[in-house]
Protein chains: 2
Amino acid sequence: MQNGLEPASVTIRDVARAAGVSITTVSHVLSGHRPTGELTRHRVLAVVEQLNYRPNRVAQSLATRHTRTVGLILPDILNPFFPQLVHAIERSAIHAGYRLLLCHTDSLESLERECLEDLVARRVEGVIYMRGTAAPNPVLERLAEEHFPLVVLDEEVPGLVAPGVYAMNRLGGRMAARHLWQLGHRDVGVIGGPRGLVSVCDRVQGFQETYRRLGAPVPEERTVFTGFSVHGGQEAGRGLLLRHPELTAVFAANDLIAFGVIQAARELGRSVPGSLSVLGFDDVTTAAMVDPPLTTVRQPIRRMGSEAFRLLMGQVRGTWEPVRRQLPTRLVERGSTAPPERVRAVSAAGGATPPRSPGA
Amino acid sequence: MQNGLEPASVTIRDVARAAGVSITTVSHVLSGHRPTGELTRHRVLAVVEQLNYRPNRVAQSLATRHTRTVGLILPDILNPFFPQLVHAIERSAIHAGYRLLLCHTDSLESLERECLEDLVARRVEGVIYMRGTAAPNPVLERLAEEHFPLVVLDEEVPGLVAPGVYAMNRLGGRMAARHLWQLGHRDVGVIGGPRGLVSVCDRVQGFQETYRRLGAPVPEERTVFTGFSVHGGQEAGRGLLLRHPELTAVFAANDLIAFGVIQAARELGRSVPGSLSVLGFDDVTTAAMVDPPLTTVRQPIRRMGSEAFRLLMGQVRGTWEPVRRQLPTRLVERGSTAPPERVRAVSAAGGATPPRSPGA
DNA sequence: TTGAAAGCGCTACCAA
DNA sequence: TTGGTAGCGCTTTCAA
């Protein structure tokens, strides 16, 4: 207790000695891997209790070659989307007897690589990889090639052959578009997240493709990109609204951005949804709590998390197979979207009002 | 690659053989723990590179008796307060070469105990313990007695002699009270978090003690307790406002509860802050983004996290000492608090208006 | 039903 | 400047 170097806890050897049996025996009464005499069993257990012995999991891991640990690489714990995802994963993990080793990368590619290396060196049995950058990651590629247990979650890695779980982002983008269209919005803007992220492309493209088909393609200069953050959304929103005051609605690639857009709109004296509709993506818990509750495209976060863990376990104790699971999104209508002012005005003036009917 | 049992990665032995040197040498060129010949150094490094050798951290840990891992016990990752705390801790940890092993307890005492045991068995070098329940925890007590490196964070454990980092909760409660008082609120309610939590007692008592001193003690039936959640706040808020429609302000023991109270107020047709002022605690990131931006007592989350890790490291490589660090809170005024209607009405009617002047 | 002993992959002491 | 080797604390054959 005095020296700082040696916690010197009680070992299996101590137990064996105190119980007057062999180490082997202690090991087996504890693991139940082979029958033991009733008598010795009780003697050993008593000693274990008395000495408060707990097997050293490090030594166990070295001997058995498994650590009952899974590595988690995540880009941004401050985005509430990820804690929700982590929560789901952790529930599955605990249930399966696994623990999570956390690696926060701040969306930095260099950190992603380092973390991955470190996790492997620590002999985690698998990794759930959530990226925050579009940069290629050689370490990740190597692991995938070696069929190291790995599942990519949320953000797809282009070109990587590995199991993954994603939301139907393109579909989500389409849902967003259809919703705004039906409300009567014709002048819409889009604020995507970090350029190059597959999820961003999909959401944005799904949105644009729908508007194009409906006959009102979104002009290129009405689509901008920014970071997945409130601040990013605020900046980008301000710029977009300043350059295009004619916009009546904005689709944001995630909720954080949407929050920022709402703030920007207010600064510019535009009420939401009165003068501007805002639509988000994720359906983070707080989405229901912000000023006008946010209309958003919900990702099935819980299912994504548990499915990811399930896939990982499949690999850990079984065959590797690059399954690609896509989970459906759905639109959650709340208070941040409404028909554009013009349409409402017309409606109020009376009469049926198919918004900008094709022939008009 | 076929068999599921043996990842059989390359070991130090392989490197030694391939480089034509001893295992010892390989170990030392990698650790730098002793000088090595320029030539052999390069040879070894080349082989390491070529074989893509990475030392097995499990084996290292067993040999060196350190894991470069810290355990984190946290009650509720869905409360944004904790991700923010985790973020701060993780920054310090990564900087010091440590990794975080995550244990989510869902505020369950049984899980807290299990996690603690498991973390110790996994030989983490220390534990940062954030509790979510008021239940006593024998395992924790044992660890503290044994001077196992441990720091209690955020939520104090009564009677436990161990290092800890906390916000000045009582002070925070006082700040909240003074603010509402100065705005002119005389009929106030309090919604605490889980009964028995020290932080809750401190915040509530700080608040009440101030109102008492100012001559308007808060009647007991205007103080209620609930879970640290939006839902809890909503339920409790609804009940309180229904029973006491005369209240003009509510102090909530954390931001989540405050959010819930705001929702409850709306349901009851009361605007915030027009007809009801709401004050929170924590200053979670989203506090600035909700409907009326939340006036709240800010905890110095980042500093709490980094200080906790610093204290832990102090114990890991040094002397145990039950330091108790308390960090100051401060009031952040935003939009959810305002003078009560009566006062505003009177003010508008003209004339100086010491709210409910003692002689009135 | 029990034990001896050979690892698991490293570190670090002791020699050379 | 280098190597042999005894652990670290456990699991698991193989024998008894």
Side-chain angles (χ1 to χ4, degrees), chain A residues 3 5-45 47-48 51-69 118 120-125, chain B residues 3 5-45 47-48 51-69 118 120-125:
Chain A
N3 88 46
L5 295 179
E6 223 149 308
S9 40
V10 18
T11 74
I12 196 175
R13 193 190 209 81
D14 303 320
V15 177
R17 209 152 16 209
V21 298
S22 76
I23 283 179
T24 309
T25 299
V26 176
S27 176
H28 281 111
V29 344
L30 255 31
S31 70
H33 280 6
R34 86 178 181 194
T36 38
E38 189 70 350
L39 200 70
T40 36
R41 251 257 319 290
H42 279 82
R43 196 139 29 98
V44 169
L45 255 20
V47 174
V48 163
L51 265 46
N52 191 23
Y53 167 70
R54 294 284 175 276
N56 180 333
R57 306 278 265 107
V58 175
Q60 281 186 327
S61 291
L62 184 58
T64 62
R65 312 163 77 87
H66 60 237
T67 54
R68 295 290 114 104
T69 307
D118 184 55
V120 173
R122 283 168 184 267
R123 294 298 186 269
V124 297
E125 293 181 36
Chain B
N3 88 46
L5 295 180
E6 226 150 307
S9 40
V10 18
T11 75
I12 197 175
R13 194 192 207 82
D14 303 320
V15 176
R17 207 149 24 206
V21 297
S22 76
I23 282 179
T24 308
T25 299
V26 176
S27 176
H28 282 110
V29 345
L30 255 31
S31 70
H33 280 6
R34 84 179 182 194
T36 38
E38 189 69 351
L39 200 70
T40 35
R41 254 257 318 290
H42 279 82
R43 196 138 31 96
V44 169
L45 256 20
V47 174
V48 163
L51 264 47
N52 192 24
Y53 167 71
R54 295 284 175 276
N56 180 333
R57 307 277 265 104
V58 174
Q60 281 186 327
S61 291
L62 185 58
T64 62
R65 313 163 78 85
H66 60 237
T67 53
R68 296 291 111 103
T69 307
D118 184 56
V120 172
R122 283 169 184 266
R123 295 297 186 271
V124 297
E125 294 180 36

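Every heavy atom of this structure was used, including side-chain atoms; hydrogens, water molecules and symmetry mates were not. Chain naming here is simple, since letters A, B, ... match the order of the sequence lines and numbering starts at 1 in each.
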Atom CZ of A:Arg13 to atom C1' of D:dG7: distance rounded to whole Å? 10 Å
Would you indicate which nucleotide in C:dT11, D:dC14, C:dC8 comes nearest to any side-chain atom of A:Ala63? C:dC8
Base, sugar-phosphate or nothing for B:Arg57? Non-hydrogen atoms, less than 4.0 Å. nothing
Sugar-phosphate, base or nothing in reach of B:Thr11, heavy atoms under 4.0 Å: sugar-phosphate
Between B:Ser27 and C:dC10, is there a contact of a side-chain N or O with OP1 or OP2 at under 4.0 Å? no
Between A:Arg122 (CZ) and C:dG9 (C1'), how many Å, whole number? 16 Å
Take atom CZ of A:Arg54 as the centre, draw a 6.0 Å sphere, and report whether it contains more than 12 heavy atoms from other residues, nucleotides or ligands. yes
Between the CD1 atom in A:Ile23 and the CZ atom in A:Arg17, the distance rounded to the nearest 0.5 Å is 8.0 Å
From the set C:dT11, D:dG4, D:dT1, return the single nucleotide nearest to any side-chain atom of B:Pro35. D:dT1
Which heavy atom in A:Asp14 sits nearest to a heavy atom in A:Val10, and how many Å separate them? OD2-CA, 3.3 Å
Using whole Å, what does the distance between atom C1' of nucleotide C:dA5 and atom CD1 of A:Ile12 come to? 14 Å
Assess whether one donor atom and one acceptor atom, taken from the side chain of B:Arg34 and the base of D:dT1, lie less than 3.5 Å apart. no
Checking all strands, does B:His33 fall into the base, sugar-phosphate, or nothing category for heavy-atom contacts under 4.0 angstrom? sugar-phosphate
Assign A:Thr40 to base, sugar-phosphate, or nothing according to its heavy-atom contacts below 4.0 angstrom with the strands shown. sugar-phosphate
Remember a base hit wins even if backbone is also touched, and classify A:Thr24 as base, sugar-phosphate or nothing at under 4.0 Å, heavy atoms. base
Are A:Arg65 and C:dG9 close enough that a side-chain N or O sits under 4.0 Å from OP1 or OP2? yes
Have A:Ser27 and A:Thr24 got a donor and an acceptor in their side chains that come within less than 3.5 Å? no
First encountered from the 5' end of DNA chain D, between B:Arg41 and B:Ile23: B:Arg41
Nearest whole angstrom, please: distance from the P of C:dC8 to the CG of B:Leu62. 14 Å
Given that A:Pro55 and B:Thr25 both sit by DNA chain D, which one's nearest nucleotide is further toward the 5' end? B:Thr25
Roughly how many Å is it from CZ in A:Arg68 to P in D:dC10, rounded to a whole number? 17 Å
Measure from CZ on A:Arg54 to P on D:dC10 and round the result to the nearest Å. 12 Å
Within this structure, what is the OG1-CG distance for the pair B:Thr36 and B:Leu30, rounded to the nearest 0.5 Å? 10.0 Å
Nearest-angstrom distance from the residue atom CG of A:Asp14 to C1' of D:dG9: 10 Å
In terms of side-chain heavy atoms, does A:Arg123 have a donor or acceptor partner in B:Ser9 at a distance below 3.5 Å? yes
Using atom NE2 of A:His28 as one end and atom P of D:dC10 as the other, report the distance to the nearest whole Å. 14 Å
Sugar-phosphate, base or nothing in reach of A:Val58, heavy atoms under 4.0 Å: nothing
